[in-house]
Asks: 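Before I ask anything, here is the structure I am working with.
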Number of protein chains: 2
Amino acid sequence: MRLTTKGRYAVTAMLDLALHEGQGPISLADISERQGISLSYLEQLFAKLRRNSLVKSVRGPGGGYQLNHEKQSISVAQVVDAVNESVEATGCGRQGDCQNGETCLTHHLWCDLSNQIHSFLNGISLADLVVRKDVKDVADRQDRRHSGQVFLTATDSLLADEASV
Amino acid sequence: MRLTTKGRYAVTAMLDLALHEGQGPISLADISERQGISLSYLEQLFAKLRRNSLVKSVRGPGGGYQLNHEKQSISVAQVVDAVNESVEATGCGRQGDCQNGETCLTHHLWCDLSNQIHSFLNGISLADLVVRKDVKDVADRQDRRHSGQVFLTATDSLLADEASV
DNA sequence: TTAATAACCTACTTAAATACTCGGACTAAT
DNA sequence: ATTAGTCCGAGTATTTAAGTAGGTTATTAA
């Protein structure tokens, strides 16, 4: 089992899409700036998200990504899964052949844990997150900081970043 | 967040101690054989378990390890923690400074997940595991296989292992 | 038509962690 | 004295994350 920035980035980026739904395609550059995630790394993550048909893309100027389904039908678990971060806690993939082809002493414990985590993450959709107060607060802050600064140069925005630290 | 064989081995080994409680110190060689875990690796894990005072050791012939507390007061969470496998799902250690010193969009989600996992693993003690049917079944199988074979040579037990695969 | 924009793709790199092995030192029972 | 055990440090192979770099292709707007 493993949950690192990879899966967290994926969920954060998808949530960013959900928050800006109805504004047309959102570019990865925008997400990169708002969420502080490397653009190239985002590209790799979105390649997987697209292959799992969680997002659809529009190429060319004004292009970007959009959710491929309604936000209430995309769960956090799906997103984490899409970038190959399994929340499976067993080492045998639930096969029960953990120890020389036989079941290890703690196999069922990890199965139970896996069920817990999976049902938790399955029960939370992007729509659920969008309406949460803590999410709204952060989103508002990000929108304030990154709107109207479209005409700043790269240097200016770097300075602004340093000033805010 | 991460849960690999490291944490699983630690819990398995501790459960082995709990199952053989009252039989005096249990050597790592015994655990290694029963649970199919490398002896040297077990040594490293038990160094951490000892530093966290979850086990006590007896050196010399007939020595080994024993639980340092009653099995109902040792939780799975404690064991996993002891070997440095944090089940913490946030990247910031709950600090909320995930994104340039500010809170990232999904911070609270991962906090919630951490709470879920932690309370689940905290609620399960070694005593709880010992009485479970699935654990008993596996333990019985292991005891049958590894008792009375004390006088086999290393080569014999290797052959036995291969035969069982 | 051309330039800019943004997705798309492949390959590489760095750093860290896992899951070991190996060799030896210390300790205590027989 | 030997042996069975813990204890300890170092080293290694493999994998993965996380990010760089450099390009190609599709689309829009000038």
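Just so we're on the same page: letters track the sequence lines, and every chain starts at 1. Side chains are part of it too, since the values below use all heavy atoms of this structure and drop only hydrogens, waters and symmetry mates.
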Asks: Indicate for each nucleotide in nucleotides 8-16 of chain C, in 5' to 3' sequence, whether protein heavy atoms under 4.0 Å reach the base (B), only the sugar-phosphate (S), or nothing (-).
Replies: BB-B-----
Asks: Quickly work out the K48(A) NZ to dA7(C) P distance and round it to whole Å.
Replies: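 Going from K48(A) (NZ) to dA7(C) (P), I get 18 Å.
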Asks: How long is the line joining CD of E33(A) and P of dA6(C), in whole Å?
Replies: 12 Å
Asks: Applying side-chain hydrogen bond (donor to acceptor under 3.5 Å, both in side chains) as the test, list every pair that has at least one member in residues 43-53 of chain A; sequence neighbours left out.
Replies: none
Asks: For L39(B) and dA19(C), what is the distance between atoms CG and C1' respectively, to the nearest whole Å?
Replies: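 Interatomic distance, CG of L39(B) to C1' of dA19(C): 14 Å.
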Asks: Enumerate the residue pairs fulfilling side-chain hydrogen bond (donor to acceptor under 3.5 Å, both in side chains) with a member in residues 82-93 of chain A, sequence neighbours excluded, ordered by first and then second residue.
Replies: T4(A)-E85(A), E88(A)-T90(A), E88(A)-R94(A), E88(A)-S114(A)
Asks: Enumerate the residues from residues 1-14 of chain B whose closest heavy atom to DNA chain C is under 4.0 Å, giving them by residue number; use none for an empty result.
Replies: R2(B), T4(B), T5(B), K6(B), Y9(B)
Asks: Are D97(A) and T103(A) side-chain neighbours, meaning at least one heavy-atom pair lies under 4.5 Å?
Replies: no
Asks: Are any of the side-chain heavy atoms of L129(A) and V76(A) separated by less than 4.5 Å?
Replies: yes
Asks: Do any pairs count as a ring pair (Phe, Tyr, Trp, His ring centres under 6.0 Å) and have a residue in residues 64-110 of chain B, sequence neighbours left out, and if so which ones?
Replies: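 As it turns out, the ring pair (Phe, Tyr, Trp, His ring centres under 6.0 Å) pairs with a partner in residues 64-110 of chain B, which skip direct neighbours, are F46(B)-Y65(B).
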Asks: Using a 4.0 Å cut-off to any heavy atom of chain A, which nucleotides of DNA chain D are the first and last in contact, reading 5' to 3'?
Replies: dT16(D) to dT28(D)
Asks: Can you figure out which of dA4(C), dA6(C), dT21(C) approaches the side chain of S27(A) most closely?
Replies: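 That would be dA6(C).
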Asks: Establish, with yes or no, whether the OP1 or OP2 oxygen of dA19(C) is under 4.0 angstrom from a side-chain nitrogen or oxygen of Y41(B).
Replies: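 Affirmative; the distance criterion is met.
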